[in-house]
Amino acid sequence: MSEHHTSETPENSEEFSGTPIRLLIVDDETDFLNAIARRLQMRGFDVTTAADGHTAVDIARKHKFDLALLDLKMPGMNGRQVLQILKSEH
């Protein structure tokens, strides 16, 4: 299980002005997760990652996000289950 968070906005990012969009990305394929997180950070998103559904729910209970990107097919708690919990609690 991993959690990665950054609030850094690259100086050369012209996509956003002001507060960056807070994004939670959840995927059990960590290579993909890290690659997409880096790309979105380069575009100015404030990205937090989780490698499983339980971690994602724990993070979402502690932090507010504008958007969640969920892998629907994960072992254990899948993306649909995570979405149900996020919708019911936020």
Side-chain angles (χ1 to χ4, degrees):
M1 292 181 239
S2 70
E3 174 185 347
H4 175 74
H5 178 79
T6 181
S7 59
E8 296 177 18
T9 303
E11 293 177 21
N12 62 352
S13 176
E14 297 178 13
E15 284 80 3
F16 301 107
S17 60
T19 305
I21 294 172
R22 294 171 308 238
L23 175 61
L24 174 62
I25 307 174
V26 187
D27 198 314
D28 62 314
E29 296 180 30
T30 56
D31 289 340
F32 172 77
L33 179 65
N34 294 330
I36 195 74
R38 278 192 306 273
R39 295 287 297 171
L40 290 168
Q41 288 166 353
M42 289 172 32
R43 298 288 184 197
F45 287 88
D46 178 0
V47 176
T48 302
T49 61
D52 63 77
H54 292 285
T55 302
V57 170
D58 289 342
I59 292 169
R61 287 179 173 151
K62 296 174 188 169
H63 305 282
K64 292 187 178 190
F65 294 95
D66 300 307
L67 182 65
L69 177 62
L70 307 169
D71 178 4
L72 295 178
K73 295 181 180 179
M74 293 185 292
M77 185 185 297
N78 67 42
R80 291 182 199 277
Q81 293 166 314
V82 173
L83 180 59
Q84 275 186 321
I85 292 168
L86 294 180
K87 287 172 70 173
S88 71
E89 294 184 6
H90 298 281

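All values derive from a computational prediction rather than experimental measurement. Counting from 1, the numbers follow the sequence of the chain as shown.
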Measure the [atom1]-[atom2] distance between [X] and [Y] for me, rounded to the nearest 0.5 Å.
X: Phe45; Y: Ile21; atom1: CZ; atom2: CD1; result: 4.5 Å
X: Thr49; Y: Asn34; atom1: OG1; atom2: CG; result: 6.0 Å
X: Ile36; Y: Leu69; atom1: CD1; atom2: CG; result: 7.0 Å

- Would you mind listing every salt bridge (Lys or Arg N to Asp or Glu O under 4.0 Å) that reaches into residues 65-75, with sequence neighbours excluded?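 Residue pairs with at least one partner in residues 65-75: Arg22-Asp66.
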**Prompt:** Do Leu23 and Thr48 pass the side chain to side chain contact (heavy atoms under 4.5 Å, CB included) test, and can you show the C-alpha distance, the side-chain angles, and the key distance before you say yes or no?
**Reply:** CA-CA 6 Å; Leu23 175 61; Thr48 302; over 6 Å; no
Which pairs would a plain distance check flag for residues 77-86, meaning a side-chain donor or acceptor within less than 3.5 Å of a matching protein atom at least two apart in sequence or in another chain?
unit_1	atom_1	unit_2	atom_2	d
Asn78	OD1	Arg80	N	2.9
Asn78	OD1	Gln81	N	2.9
Gln81	OE1	Asn78	N	2.7

request  = Mind checking side-chain hydrogen bond (donor to acceptor under 3.5 Å, both in side chains) for Arg38 and listing every partner two or more places apart, or none if nothing turns up?
outcome  =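 For Arg38, no residue satisfies side-chain hydrogen bond (donor to acceptor under 3.5 Å, both in side chains) once neighbours in sequence are set aside.
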**Request:** Go through the side-chain N and O atoms of Asp52 and Thr55 and say whether any donor and acceptor fall under 3.5 Å apart.
**Result:**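 Yes - a donor-acceptor pair under 3.5 Å links their side chains.
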Could you tell me whether the side chain of Phe65 reaches within less than 4.5 Å of the side chain of Ile59, counting heavy atoms only?
->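 Counting from C-beta outward, Ile59 and Phe65 do come under 4.5 Å.
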What I'd like to find out is whether the side chain of Leu33 reaches to under 4.5 Å of the side chain of Ile25, using heavy atoms alone.
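Touching, per the 4.5 Å side-chain cut-off.
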Using every non-hydrogen atom in the two residues, find where Ala37 and Val47 come nearest and quote the distance to one decimal.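 Minimum heavy-atom contact is CB-CG1, 3.8 Å.
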